[in-house]
Amino acid sequence: MIISILMNFKNIITIFLILFIGTNFAYGAKSLKEAENRLNYVNFDFFNRFNDEILTGYIVCGVNNNYNLKNLRLKIKELYQVKNMEISKEFPNLSVGANYLGLKIPHFAFPYQGFRDNAFALPFMSNWEIDLFGKRKNKIQMKREDINAAIYEEKGAVISLAGEIAGAYLNAANLNEQINIQNKIIENKKEKLKRTQRKFENGVIGRIELNNVKKEVSFEEIVLNDYKKRREEFLSRLSYLIGEGPKDFYSITNIDDIEFSGVIPDAIRGDEILGRPDILEKEAALKKAKIDVLLARKAFLPDINVFGVLMFSTLTPNFLWRGAVANLIAGANQKIFTGGERIFNLRHKKFEYEKILNEYLETDIKALKEVNDALYNLKQDNETYKANLENLNFEEDNFIRVSNSFGAGVRGKVDVLDKDNDFLYEKSKTLNSKVQKFIDLISLYKALGGAL
């Protein structure tokens with residue numbers, strides 16, 4: 001009979017484990033689905049308008065490999081399990097024990113001849129808190145809001161990471177070309193120095209003019225070193241953002257070939273910021289705080305508990321229901337006096353709710369400011385880029401005219417070198433304004449939560 005009871009109990013445990021494993025598998029599948037959708041947070045339609053597959057490739061690599069994002073994903077998985085633990089408290093607790101009983105009871109108290117003073121007992125104990133007032137349900141809702149906030153946090157981190165990768169990449173691409181331009185400028189300066197040196201040796205010019213040309217070469221070399229240092233910083237940052245170690249070679253498109261083919265917006269509607277992850281994260285925190293206030297109110301309500309015991313033993317000759325001891329207690333537990341703790345807790349939760357509400361409103365205003373600043377900067381820098389493009393065309397035309405004059409014997413070689421450098425300076429300025437426009441676009445992209 002004992003074996004039969006134990007086998008039935010074993011079957012119950014087996015069924016429970018199957019259900020538990022199945023439940024966890026379902027939650028695991030849900031997390032996996034979210035992990036596959038992480039790239040959807042990026043909004044690749046925006047980055048595809050730069051028409052650079054290398055750029056989008058780095059973004060994909062970063063989203064998949066960045067360790068900060070991996071930790072945020074683990075945080076979401078942890079919160080799922082915290083929610084599961086809260087859900088598990090909705091069900092009764094069941095435990096079983098095996099005990100030895102040694103009793104000394106007068107025979108006249110139990111005249112039944114079959115009563116034994118040495119026995120084994122197998123008690124089944126169950127405890128269940130009935131969620132009559134929805135307290136447990138509210139706690140589960142709070143855990144769900146924690147998960148939502150963590151998902152929005154991850155989405156914001158993905159968008160921010162994509163913007164940072166693009167910024168580091170575009171700056172590195174610009175500095176690659178700036179270094180090429182600077183090398184050409186130095187080459188022209190050195191050629192000018194050779195001609196100036198010959199003039200000095202022939203007594204045509206003095207030492208001061210020679211020194212000034214040498215200073216020009218030295219200055220341009222300092223600028224070149226600064227460009228190289230800045231490029232190394234951006235490349236190092238790029239490798240960090242994509243989750244890789246620094247390397248000697250990075251595949252980067254020429255900045256001249258990168259153009260934004262999308263339309264630059266003239267205005268942004270105020271409600272477009274409502275999809276920002278940080279605002280949605282604050283909304284989730286606000287919902288959680290509201291539920292917390294509700295729970296503080298429900299703390300004044302009683303707790304409903306059910307406690308039951310079913311014990312089989314060998315105190316009687318058989319190990320059947322006739323010799324079992326059963327106990328079932330159901331009742332309400334109401335706190336009468338706690339020194340004002342529940343009242344103070346309710347006030348505390350209300351103040352906390354108001355604090356989170358203010359944080360939400362502050363985040364909303366900050367979002368409006370970021371969008372306004374990014375849009376204004378984009379408009380101004382776009383106009384600057386257009387003006388620099390026009391000036392670059394003027395300098396190109398001037399260089400062509402001076403080169404033609406040199407071919408006709410009207411101008412000297414130094415004039416051609418100087419005018420070539422003027423064109424290169426203007427090209428450098430134009431590329432800087434071009435990249436600044438790109439950075440403003442990325443800032444607007446981040447300010448809108450990726451919805452550009």
Side-chain angles (χ1 to χ4, degrees), residues 34-70 72-73 151-177 231 233-244 250-269 272-273 275-278 280 367 370-371 373-375 377-379 381-382 385 431-452:
E34 289 173 359
E36 291 172 349
N37 290 335
R38 288 167 70 185
L39 289 174
N40 293 340
Y41 297 151
V42 175
N43 181 18
F44 278 102
D45 289 339
F46 168 73
F47 289 104
N48 287 334
R49 295 174 201 156
F50 288 95
N51 304 296
D52 187 356
E53 294 182 356
I54 297 177
L55 169 61
T56 55
Y58 279 129
I59 293 174
V60 172
C61 182
V63 173
N64 288 330
N65 297 338
N66 186 269
Y67 290 101
N68 289 331
L69 290 185
K70 289 181 179 181
L72 289 176
R73 171 56 46 186
I151 291 174
Y152 293 136
E153 182 185 5
E154 184 197 26
K155 181 178 179 181
V158 169
I159 292 170
S160 178
L161 176 67
E164 289 188 46
I165 290 174
Y169 175 85
L170 292 171
N171 276 294
N174 178 39
L175 287 167
N176 274 345
E177 186 58 25
R231 181 182 63 175
E233 290 174 355
F234 282 115
L235 290 177
S236 178
R237 179 160 184 79
L238 179 63
S239 65
Y240 164 74
L241 292 172
I242 63 177
E244 296 182 356
Y250 293 83
S251 180
I252 295 178
T253 303
N254 192 309
I255 191 65
D256 288 325
D257 299 329
I258 302 176
E259 293 292 344
F260 185 74
S261 59
V263 178
I264 296 177
D266 293 326
I268 300 292
R269 295 197 315 272
E272 291 190 26
I273 66 168
R276 278 178 50 134
D278 57 343
L280 296 175
E370 289 180 356
V371 171
D373 291 347
L375 186 60
N377 292 337
L378 176 59
K379 288 181 179 180
D381 289 334
N382 190 41
Y385 173 58
L431 290 178
N432 284 334
S433 62
K434 177 182 181 179
V435 172
Q436 185 58 54
K437 182 186 76 169
F438 290 163
I439 298 302
D440 293 337
L441 275 167
I442 294 170
S443 296
L444 184 59
Y445 158 83
K446 293 195 291 185
L448 291 171
L452 181 61

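Of the residues listed (Leu175, Ile252, Asn174), the one engaging Arg231 in a side chain to side chain contact (heavy atoms under 4.5 Å, CB included) is Leu175, and it is the only one.
Judged as a side-chain contact (heavy atoms from CB on, under 4.5 Å), and not counting sequence neighbours, the contacts of Asp52 are Ile54, Leu55, Tyr169, Thr253, Ile258.
Counting heavy atoms from C-beta on, the side chains of Pro265 and Leu452 come closer than 4.5 Å. Looking at Ser443 and Asn377, their side chains never come closer than 4.5 Å, going by heavy atoms from C-beta outward.
Between Glu370 and Arg276 a salt bridge is recorded (basic side-chain N to carboxylate O distance below 4.0 Å).
Rounded to the nearest 0.5 angstrom, Leu72 CG and Glu153 CD are separated by 5.0 Å. Here the straight-line distance linking atom CD1 of Ile268 with atom CG of Leu448 works out to 5.0 Å at 0.5 Å rounding. For the atom pair CD1 of Ile264 and NZ of Lys379, the computed distance is 11.0 Å after rounding to the nearest 0.5 Å. Rounded to the nearest 0.5 Å, atoms OH (Tyr240) and CD1 (Ile165) are 11.0 Å apart.
Residues Ala172 and Leu235 share a closest heavy-atom pair of CB-CD2, 3.8 Å. Contact between Ile159 and Gly449 at its shortest, heavy atoms only, is CD1-O, 3.0 Å. Across Ala162 and Ile59, no two heavy atoms sit closer than the pair CB-CG2, 3.9 Å. Minimum heavy-atom separation, Gly243 to Tyr67: O-CE1, 4.2 Å. Scanning both residues, Asn382 and Lys437, for their nearest heavy atoms gives OD1-CD, 3.1 Å. A pairwise comparison of heavy atoms in Tyr385 and Lys434 identifies CE1-CB, 3.3 Å as the closest pair.
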Checklist entry - Between Asn68 and Leu161, does a side-chain contact (heavy atoms from CB on, under 4.5 Å) hold up when you go through it step by step? => result CA-CA 10 Å; Asn68 289 331; Leu161 176 67; over 6 Å; no
Next on the checklist: Between Asp440 and Gln436, does the side chain to side chain donor-acceptor pair (under 3.5 Å) criterion hold? Intermediate values first, please.
Outcome noted: CA-CA 6 Å; Asp440 293 337; Gln436 185 58 54; 3.2 Å; yes
Item to check | Stepwise side-chain contact (heavy atoms from CB on, under 4.5 Å) check, Asn176 with Asn254 | outcome: CA-CA 8 Å; Asn176 274 345; Asn254 192 309; over 6 Å; no
Checklist entry - Do Lys446 and Glu164 pass the salt bridge (charged side-chain N to carboxylate O under 4.0 Å, His left out) test, and can you show the C-alpha distance, the side-chain angles, and the key distance before you say yes or no? => result CA-CA 10 Å; Lys446 293 195 291 185; Glu164 289 188 46; 5.5 Å; no
Checklist entry - Where do Leu375 and Leu444 land on the side-chain contact (heavy atoms from CB on, under 4.5 Å) test, with the steps shown first? => result CA-CA 6 Å; Leu375 186 60; Leu444 184 59; 4.1 Å; yes
Checklist entry - After noting the C-alpha distance and the side-chain angles of Ile439 and Asn171, does the key distance pass the side-chain contact (heavy atoms from CB on, under 4.5 Å) rule? => result CA-CA 9 Å; Ile439 298 302; Asn171 276 294; 3.7 Å; yes
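The backbone N or O of Arg38 sits nowhere less than 3.5 Å from a side-chain atom of Asn40 that would complete a donor-acceptor pair. No donor-acceptor distance shorter than 3.5 angstrom exists from the side chain of Asn66 to the backbone of Gly62, with no hydrogens or angles considered.
Proximity of the aromatic rings of Tyr250 and Tyr58 is defined here by a centroid distance below 6.0 angstrom, and this criterion is not met.
Between Phe46 and Phe260, the ring planes are tilted. Angles from 30° to 60° get that label.
Relative to the six-membered ring of Tyr152, Lys155 misses at least one condition, a distance below 6.0 Å or an angle of at most 45° to the axis.
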